[in-house]
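I have a structure I would like to understand better, so I am pasting it below and will then ask my questions one at a time.
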Amino acid sequence: PVISIRSLVRFYRIGTNSRQFNINSETTFLSDKILCATKDAYGNLWFGTEGGGVLMWNGTKFSYLDINNSGLQSNTIRSILADQRGNLWFATWGGGLSMYDGNEWTTYRAATSDLPADQLYDLAEDAGGNIWIAASSMGICQLNPLTGSMQTYNSQNAGIPNDVRCIALKAEGSVYI
């Protein structure tokens, strides 16, 4: 998909067919700004929005998750990650980190965990299943989802910038910010 402001366009590289979903005319679109997208193991497409929670496209229809019908703690979703265990992770702006395993929600907030901030930018998963989190003005954080333990890296302890907006990982373990 091509992500754009005010509409979502399904674009096919082969042929000339495309379909545009006009956010202003779709009743399930609660925001006109899509910030991120991912595909889960079942082929569903997930879209994080600014202020409208999460849209899920199953190939036929849209459904949505927000602070009123899910475990999300914010309706602004900056990054979505489908991990190797089948969980969905949501980096929110102001609501910390939320994980959905298909049945239950787990939330990590700065006030109740070692998450360094509730304003998050990006997520990545390494080969060991650890979740890497870009936290606004606080560096990056490595979360072991099996134990819940977190380690933060920033200018004070690792000599990296505190304001990290995106994370990329290589198979051998290198972390690029």
Side-chain angles (χ1 to χ4, degrees), residues 1 3-8 23-24 26-40 44-57 62-83 87-126 130-145 147-158 160-169 175 177:
I3 299 173
S4 64
I5 301 296
R6 304 224 188 284
S7 68
L8 176 66
I23 290 176
N24 294 327
E26 296 281 339
T27 58
T28 57
F29 284 69
L30 302 178
S31 172
D32 64 357
K33 293 183 182 174
I34 296 173
L35 303 177
C36 59
T38 198
K39 182 178 178 182
D40 69 19
N44 299 312
L45 299 176
W46 297 81
F47 302 94
T49 71
E50 184 176 317
V54 178
L55 296 167
M56 190 273 290
W57 173 252
F62 281 100
S63 57
Y64 72 94
L65 301 172
D66 67 10
I67 61 173
N68 297 312
N69 67 359
S70 72
L72 292 170
Q73 301 295 301
S74 169
N75 281 334
T76 297
I77 312 301
R78 303 289 307 206
S79 182
I80 304 172
L81 171 71
D83 75 14
N87 302 312
L88 286 166
W89 296 85
F90 302 92
T92 74
W93 192 257
L97 178 67
S98 294
M99 186 273 294
Y100 182 58
D101 68 5
N103 294 307
E104 296 182 19
W105 288 86
T106 302
T107 299
Y108 300 89
R109 300 290 302 258
T112 58
S113 73
D114 290 330
L115 189 67
D118 286 332
Q119 294 77 24
L120 307 178
Y121 282 110
D122 197 17
L123 300 170
E125 181 183 22
D126 66 24
N130 296 304
I131 307 300
W132 290 82
I133 307 151
S136 175
S137 302
M138 300 299 284
I140 59 175
C141 182
Q142 180 187 30
L143 166 65
N144 179 329
T147 65
S149 65
M150 294 186 197
Q151 175 65 46
T152 298
Y153 303 94
N154 53 37
S155 63
Q156 288 77 33
N157 66 2
I160 64 170
N162 284 337
D163 194 24
V164 176
R165 304 273 174 122
C166 60
I167 301 173
L169 305 174
V175 178
I177 54 173

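Keep in mind that this is a model prediction, so the values were computed, not measured.
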Contact check, side chains of Leu65 and Trp46, non-hydrogen atoms, under 4.5 Å: yes
Atom pair CE/CH2 of Met99 and Trp105 - distance to nearest 0.5 Å: 9.5 Å
Centroid separation Trp93 to Tyr121 less than 6.0 Å: yes
Taking every non-hydrogen atom, the tightest pair across Ala134 and Cys166: CB-N, 4.5 Å
Ile167 and Val175, any side-chain heavy atoms less than 4.5 Å apart: yes
Residues forming a salt bridge (Lys or Arg N to Asp or Glu O under 4.0 Å) with Asp163, sequence neighbours excluded: Arg165
Residues, nucleotides or ligands: over 12 heavy atoms within 6.0 Å of Glu104 CD: no
N/O donor-acceptor pair under 3.5 Å between Arg109 side chain and Gly94 backbone: yes
Within-4.5 Å side-chain heavy-atom neighbours: Leu123 and Leu97: yes
Nearest atoms (heavy-atom pairs only) where Asp126 meets Gln142: OD2-NE2, 3.6 Å
From CD1 (Ile140) to CH2 (Trp132), nearest 0.5 Å: 5.0 Å
Gap between atom CD of Glu125 and atom CG of Asn87 - 0.5 Å precision: 9.0 Å
Exercise: identify the closest heavy-atom pair between Ile80 and Phe47: CD1-C, 3.7 Å
Nearest heavy-atom neighbours spanning Asp66 and Tyr64: OD2-CE1, 3.5 Å
Contact check, side chains of Thr76 and Leu35, non-hydrogen atoms, under 4.5 Å: yes
CA sep, side-chain torsions, deciding dist, call: Ser149, Asn144, side-chain hydrogen bond (donor to acceptor under 3.5 Å, both in side chains): CA-CA 5 Å; Ser149 65; Asn144 179 329; 4.7 Å; no
Minimum heavy-atom distance Gly139-Asn154, with the two atoms named: CA-CB, 4.1 Å
Euclidean distance, Asn44 CG relative to Leu55 CG, rounded to 0.5 Å: 12.5 Å
Nearest-0.5 Å distance that lies between atom CD1 in Ile133 and atom OG in Ser79: 10.0 Å
Minimum heavy-atom distance Ala82-Thr38, with the two atoms named: N-OG1, 4.3 Å
Gap between atom CG of Leu120 and atom CG of Leu115 - 0.5 Å precision: 5.5 Å
Geometric class of the Trp89/Tyr108 ring pair [parallel <30°, tilted 30-60°, perpendicular >60°]: parallel
